[in-house]
Protein chains: 2
Amino acid sequence: MKRTSRDIRTANRYEVLRQIIAESPTSRQELAAATGLSLATVATLVGELLDLRMITEVGFEDSAGGRPRGLVAVNTSGGALIGVDIAETYVHVELFDLGLNVLARAEEEVRPGESLPEHVVGHVAAAVGSVVTQAGIEGARVLGVGVSVPGQVDRATGISEYAPNWDWHDVPLLDLLTEHIAYPLYLDNPLRASAVAELWFGAARGRGNAVVVNLGTGVGAGLVLGGGLHRGVSNSAGEWGHTTMVLDGRPCRCGNHGCVETYVGARGIMLNLRELDPGSALLHAEDQTATIDALARGVAADDPVARRVVHETARYLGAGVADLVNLFNPEIVVLSSWVARALGEPLLHAVREAVTRHALPRPLAATQVVLSPIPTDPVCLGAATFALEGALQTVGQKNGKRTTPVRSRTTTPPS
Amino acid sequence: MKRTSRDIRTANRYEVLRQIIAESPTSRQELAAATGLSLATVATLVGELLDLRMITEVGFEDSAGGRPRGLVAVNTSGGALIGVDIAETYVHVELFDLGLNVLARAEEEVRPGESLPEHVVGHVAAAVGSVVTQAGIEGARVLGVGVSVPGQVDRATGISEYAPNWDWHDVPLLDLLTEHIAYPLYLDNPLRASAVAELWFGAARGRGNAVVVNLGTGVGAGLVLGGGLHRGVSNSAGEWGHTTMVLDGRPCRCGNHGCVETYVGARGIMLNLRELDPGSALLHAEDQTATIDALARGVAADDPVARRVVHETARYLGAGVADLVNLFNPEIVVLSSWVARALGEPLLHAVREAVTRHALPRPLAATQVVLSPIPTDPVCLGAATFALEGALQTVGQKNGKRTTPVRSRTTTPPS
DNA sequence: CGCACTTTATACAGCCCCTTTCCAAACCCC
DNA sequence: GGGGTTTGGAAAGGGGCTGTATAAAGTGCG
């Protein structure tokens with residue numbers, strides 16, 4: 001809330017590193033042009049990052065006749081970041097170098113009966129251990145672990161206040177994880193993780209106002225407003241999935257009716273399909289992934305039912321996205337998460353058409369709707385980005401005071 | 001977008017003046033406690049405001065045994081601010097002293113046939129002239145005129161890009177007004193005006209995240225996010241009225257179906273009434289104000305139809321407000337504009353109940369829903385506040401560069 | 001009445017930020 | 001090898017906020 005000049009510095013530091021990661025190698029001149037900062041400021045920030053070993057000088061580039069430009073690039077071996085995506089049925093963990101390239105990956109299945117916090121924490125610890133050994137990284141080089149858990153999260157205390165899938169209530173997740181993981185930990189939810197991923201590395205890069213729509217089993221929106229993530233007063237902004245789209249419509253697991261999620265979430269799409277063709281061969285009982293994949297194949301094969309289902313889904317989704325466009329007036333709306341990826345371009349085109357029908361002309365004219373360009377799991381990437389932000393936060397501060405609490409047990413080696 | 005340390009200063013200046021206006025007279029000590037700034041900073045800011053003659057020293061207050069606290073208060077005669085509320089059927093103009101007390105008021109009727117920009121500009125000029133003479137203020141003391149016009153507005157160029165009521169397109173409203181009004185002019189739309197009014201003087205004071213819901217003929221939301229007004233990328237954020245609440249529902253003037261406005265705007269409420277009791281005596285043909293007032297009286301008199309209409313309206317409105325709560329996670333939702341005022345407490349209670357049913361528990365717990373406490377026209381007040389902000393913006397800057405363009409023709413006296 | 005004590009307000013130094021300006025370093029070309 | 005050009009860093013300058021010292025203005029008590 002309280003703005004200080006230090007926030008400016010932090011934001012600029014983010015901006016510069018973001019730019020370097022995006023365009024590596026690059027020169028100080030380019031950075032200054034891209035960020036709008038003065039050369040002097042860029043130089044000091046680059047100096048800081050060099051001191052941190054997050055970037056390195058990698059040679060020179062010819063200039064127009066004068067002294068050559070020094071080039072800096074991400075120091076990929078300068079450290080590792082780990083992103084953890086805890087979802088209803090799985091735990092994905094990815095280990096990244098500082099260029100945010102995936103060095104190792106691990107996945108654990110969360111079986112329906114094993115959803116107690118201890119089980120999940122066990123999976124996370126195992127997978128984190130696995131990626132570290134896979135990548136052959138020394139523990140000391142891991143700068144942090146970002147953890148995404150669905151639902152409402154208090155990132156200050158590290159408590160999962162409420163996770164809808166498993167009916168968790170006020171689980172001190174970060175404390176539990178700290179007992180098994182010795183790296184600095186950062187907790188947030190997948191909505192914000194994927195938003196940050198798009199902001200740093202995806203379609204929202206350089207945009208001040210963006211909405212990242214997450215289409216998975218659950219549905220939600222990550223909000224980038226005024227250049228930063230909007231969290232709301234209790235860090236639960238973006239719960240778009242439980243916004244009413246059809247008053248008195250389909251019943252939702254949240255207890256309400258007509259929520260967006262019941263029309264465009266994975267289960268909602270299955271309902272759309274069932275309504276159109278109750279006995280469809282595309283339906284795979286309760287297996288969401290299989291059904292959505294079958295649907296995608298059906299569209300590719302010009303199956304009329306599949307096409308109609310996507311069209312119908314896009315009708316709902318388009319109306320919902322148009323609402324977001326009208327409300328937020330963003331520069332860009334990014335469709336992310338596995339359902340969006342599976343249905344891909346056909347969904348996108350249908351959605352764009354529906355958005356054009358529903359949104360007001362002025363905000364519509366300022367907005368583009370795109371698919372997430374991030375090739376890997378955006379939530380893992382975003383979670384790792386939280387860790388990166390955390391590592392950047394404390395730079396240059398005299399006393400190591402952190403605004404974001406970080407749990408770590410640095411006395412013992414990683415589990 | 002680009003943050004500079006000057007923004008911090010400006011924000012602090014706003015904060016201090018806001019506090020003085022709210023609690024006048026007050027001491028530097030109180031200001032420091034209220035704003036969280038150091039005494040030194042408060043002292044310099046107070047010094048600036050004293051130099052500007054916006055506040056004055058008004059005596060002393062006993063301290064606990066030591067030197068008495070100097071008290072400062074708004075210098076009500078230090079200048080005047082004018083707020084202009086242009087709406088579909090009227091032009092309201094109010095002149096305020098620096099304590100934002102109304103000194104004079106004028107109203108012009110905009111008849112259906114007279115909606116050309118020249119007509120409206122004429123009304124504005126006449127009303128502005130009227131309040132200045134009424135108040136007996138010398139022209140030089142008018143610090144600025146804020147103008148609110150419905151629809152999409154480009155505040156940088158002063159162009160009314162689109163006004164739905166009159167089908168205006170790209171009307172250079174500020175240029176037209178400049179020809180008749182010699183004071184600095186500031187243009188924006190009523191959504192943002194009422195939001196700023198709540199932020200400075202109303203229910204959103206001191207809140208970092210608030211949503212101001214405007215219920216009038218048109219419907220929209222002013223968004224206060226992260227301590228400031230959210231404008232979106234083309235200054236058209238907050239168009240909540242044309243958000244879909246019932247897919248394929250009632251037709252809306254925007255061309256879509258099921259927009260929030262068609263259920264909770266004045267016309268929508270009339271439809272709600274008509275659906276319940278087509279021949280109701282409460283219906284006053286096309287007169288929105290009369291019908292809404294009749295409805296309010298009906299509720300007060302325990303008329304069952306009136307009560308059911310309000311209940312039904314609150315059902316829609318509650319669902320819509322719950323959507324805003326889920327999306328933005330605000331501290332407070334303020335119901336503003338004339339329909340909200342007319343229907344008052346009965347509507348509020350019904351809405352609260354409906355919001356409680358629809359919103360997710362976590363964001364709901366952090367949010368309160370209230371009626372606007374502003375006794376006068378919030379749009380006029382907000383528009384005047386834009387002028388006040390404008391007057392504060394340039395303080396202390398070496399060269400009078402303004403970030404917000406201001407049109408004024410100071411060579412000639414006011415019309 | 002005068003002195004000690006308290007509280008308030010201001011002045012000043014210190015630190016953080018960003019930018020402009022100046023200058024050394026590094027390279028090209030002639 | 002010298003002039004011209006570009007780069008990068010160091011220093012100075014302008015803003016901002018804060019903590020500390022100091023002046024100002026009271027109270028209380030001997």
Side-chain angles (χ1 to χ4, degrees), chain A residues 1-16 25-33 35-51 55 57-72 392-399 401 403, chain B residues 1-16 25-33 35-51 55-72 392-401 403:
Chain A
M1 199 80 291
K2 195 112 196 311
R3 310 222 172 294
T4 131
S5 61
R6 210 167 230 140
D7 298 334
I8 299 175
R9 183 67 147 199
T10 302
N12 288 341
R13 198 172 7 241
Y14 286 180
E15 199 57 40
V16 167
T26 185
S27 64
R28 292 170 179 77
Q29 316 290 323
E30 273 186 347
L31 289 171
T35 59
L37 294 168
S38 73
L39 218 50
T41 303
V42 169
T44 52
L45 287 172
V46 165
E48 278 181 14
L49 293 172
L50 284 169
D51 289 346
I55 60 176
E57 312 217 47
V58 293
F60 298 91
E61 178 186 48
D62 278 9
S63 66
R67 170 176 174 174
R69 283 185 278 274
L71 293 176
V72 294
L392 283 180
Q393 196 122 38
T394 53
V395 179
Q397 302 195 196
K398 280 277 171 63
N399 46 3
K401 258 190 235 164
T403 57
Chain B
M1 200 79 295
K2 196 109 197 310
R3 308 219 174 295
T4 131
S5 62
R6 225 183 214 120
D7 297 335
I8 297 175
R9 183 67 149 198
T10 302
N12 288 340
R13 204 181 351 253
Y14 286 0
E15 197 57 40
V16 166
T26 185
S27 65
R28 292 168 178 79
Q29 315 289 322
E30 274 186 347
L31 289 171
T35 59
L37 295 168
S38 73
L39 215 51
T41 303
V42 169
T44 53
L45 287 171
V46 166
E48 279 181 14
L49 293 171
L50 284 169
D51 288 347
I55 60 177
T56 43
E57 312 217 45
V58 293
F60 298 91
E61 179 186 50
D62 278 10
S63 65
R67 170 176 173 174
R69 283 184 277 274
L71 293 176
V72 293
L392 282 179
Q393 196 121 38
T394 53
V395 179
Q397 299 193 199
K398 281 278 171 66
N399 46 4
K401 258 191 238 162
T403 55

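Proteins come first, then strands; the chains are lettered A, B, ... in the order of their sequence lines, and each starts at number 1.
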What nitrogen or oxygen pairs link the protein and nucleotides 20-25 of chain D at under 3.5 Å?
unit_1, atom_1, unit_2, atom_2, d
dA24(D), N3, Arg67(B), NH1, 3.2

The side chain of Arg69(A) is closest to which nucleotide in this list: dT8(C), dC17(C), dT6(D)?
dT6(D)

If I take atom CG in residue Leu37(A) and atom P in nucleotide dG8(D), what distance separates them, rounded to the nearest angstrom?
15 Å

Any side-chain N or O of Arg9(A) less than 4.0 Å from the OP1 or OP2 oxygen of dC16(C)?
no

Do any side-chain nitrogens or oxygens of Ser5(A) fall under 4.0 Å of OP1 or OP2 in dC17(C)?
no

Below 4.0 Å: OP1/OP2 of dT19(C) and any side-chain N or O of Thr41(A):
yes

Whole angstrom value for the distance that separates P of dT27(D) from CD of Glu61(B):
14 Å

For Glu48(A) and dC17(C), give me the distance from atom CD to atom P, rounded to whole Å.
8 Å

Nearest whole Å is fine: how far is dT7(D) P from Glu30(A) CD?
11 Å

Taking five pairs at each terminus, the helix from dC1(C)-dG30(D) to dC30(C)-dG1(D) shows an axis bend, to 10°, of 30°

Nearest-nucleotide pick for Ile8(A), side chain only, options being dC17(C), dA9(C), dG9(D):
dC17(C)

Looking only at side-chain N and O atoms, does Asn12(A) come under 4.0 Å of OP1 or OP2 in dC18(C)?
yes

Is Arg6(A) close enough to dC15(C) that one of its side-chain N or O atoms is under 4.0 Å from OP1 or OP2 there?
no

